[in-house]
Amino acid sequence: MQYSLPPAGERVIIRRHPSPDEYLRTLFGTRRPMFYKSGTMALAAALQVARERRAVADPQAIIPAYGCPDLVSAAEYAGIRPVMVDLAEQRPWLDLAQVERQINDRTVALVGVHLFGIPERGAQLRRLAEAGDLLYIEDAAQSYPYARQQRDWAGHFTVLSFGRGKPVTILGGGAVLSEDAELFARLPIPDGYPLVEAWSRPLKWRSYNFLRAPARYRWLRAMPFLRLGETHYRPLRGDWSGISPDARAVLAGNLANYQNASLQRQQWLAEMAAQFQSRGVLDVAAACGIMGAALGALSRYPLLLPSPQVRDALLARINETCGGGSPMYPAPLPEILPPMVGGTTEAGFPHATDWSRRLVTLPLHDGVTLDIVQHIGRLLAMVLDSDNSCIDDEYDGVRGRHG
Ligand SMILES: Cc1ncc(COP(=O)(O)O)c(C=O)c1O
């Protein structure tokens, strides 16, 4: 292996916007932003407002059972018990029937996640939330919309992350947006920012940009102690804090730059995936109505493969050659959490389990070329062929034995 692509994340453009605060104030249209030190803290802030708005004993929030453990860390920090709900079949969306079953008079928030950047069904979820007098919190940590998509935000609160691996990154930071002045005014106000962050960030940006280059990233991947790409539960700690003015200036520059990003790579991957539809490969974005470049940017390109064996074989081949493939979350959320954490669950999460076994995500960042997409297409054809030939061999064996 000569090189290895990272699975997600653009480079940080280290250029400061000349008037970041004005730019950030106008960027989100009618929604006002409050910035925090991470997406997890931003989500916790929104959840805390939901909890304080309805003073109930044992407050609960509904979250998807397949997703980032930071959802649980945020809920815990906000003093809320997470209640996990399965995903819908073959869609990265909440199972609405289960959501309805789980809403009760202790539920204060419903959290919908734009997994891989694929929008949740905002209007529907918001209606469900309002019917139960709870807040719909839209976790858009994995997506950053182009200007034309901003209309699609539907949450009472929308949460963004600017952490590593996100479409727009400054290696840490998050925001909560709201167009409801009353709700916005209830958000906890960050008490400054970690001082160490102010001087260490520029160094981090430079080393991250240097190390994410495919020729160097392969060395990082080869270091097991870095545990790159692994999913772990990390409790959120510390006081409410924000991001430094310098980081905000760089953030504004990166957000401005992203508005001109190209959807070409997404288009290439959609075209490649379409060739395998008849062989049981589900292009998740296309199945959710995102056709090629038509509906905006994803952070990773998700495919559901016909079986866990095909998924594992494809991942192994991708990561032995060009890198950039990821299985995302290795199990449903309750299985990732330490035993004493953990929220309420319905028994079993068949769809979340299925996602954790059959999903592969392909990279979409600026290191992806048409050559790489074609190479991944050839690997996919190869693993599907060899999977069929295993089945054929077994079938031949059975035929041999039984006439
Ligand atoms: C859906 C989702 N929500 C929240 C977060 C937390 O964001 P951060 O890493 O900025 O704390 C993540 C991080 O990956 C995420 O994927």
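Remember, it's 1-based here, ligands and their atoms both numbered in the order they're listed. Note that the structure is predicted; figures quoted are calculated from it, not measured.
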Asker: Can you tell if the side chain of D354 reaches within under 4.5 Å of the side chain of P350, non-hydrogen atoms only?
Answerer: no
Asker: For P302 versus I118, what's the shortest heavy-atom pair and its separation?
Answerer: CG-CD1, 4.0 Å
Asker: Name the closest protein heavy atom to atom 11 (O) of ligand 1, giving the residue it belongs to and the distance to 0.1 Å.
Answerer: T40 OG1, 2.5 Å
Asker: Checking a contact table here: which protein heavy atom is nearest atom 16 (O) of ligand 1, and how many Å away?
Answerer: Q142 NE2, 2.9 Å
Asker: Could you tell me whether some N/O pair between V113 and ligand 1 is separated by less than 3.5 angstrom?
Answerer: no
Asker: Nearest protein heavy-atom contact for atom 13 (C) of ligand 1: which residue, which atom, what distance?
Answerer: K166 NZ, 3.1 Å
Asker: Indicate whether the side chain of Y233 and that of E76 have a donor and an acceptor atom separated by less than 3.5 Å.
Answerer: yes
Asker: Can you find an N or O of D139 that's nearer than 3.5 Å to an N or O of ligand 1?
Answerer: yes
Asker: Is the side chain of N254 donor-acceptor paired with the backbone N or O of I13 at a distance under 3.5 Å, no angle test?
Answerer: yes
Asker: Below 4.0 angstrom, N of the basic side chain to O of the carboxylate: do R53 and D133 qualify?
Answerer: yes
Asker: Which protein heavy atom lies closest to atom 12 (C) of ligand 1, and at what distance to 0.1 Å?
Answerer: C68 SG, 3.6 Å
Asker: Quick one about E271 and Q267 (side-chain donor to acceptor, distance below 3.5 Å, no hydrogens or angles considered), yes or no?
Answerer: yes
Asker: Give the atoms of ligand 1, by number and element, whose distance to some non-hydrogen atom of S161 is under 4.0 Å.
Answerer: 7 (O), 8 (P), 10 (O)
Asker: State the atoms of ligand 1, each with its element, that fall below the 4.0 Å cut-off from a heavy-atom position in S38.
Answerer: 10 (O), 11 (O)
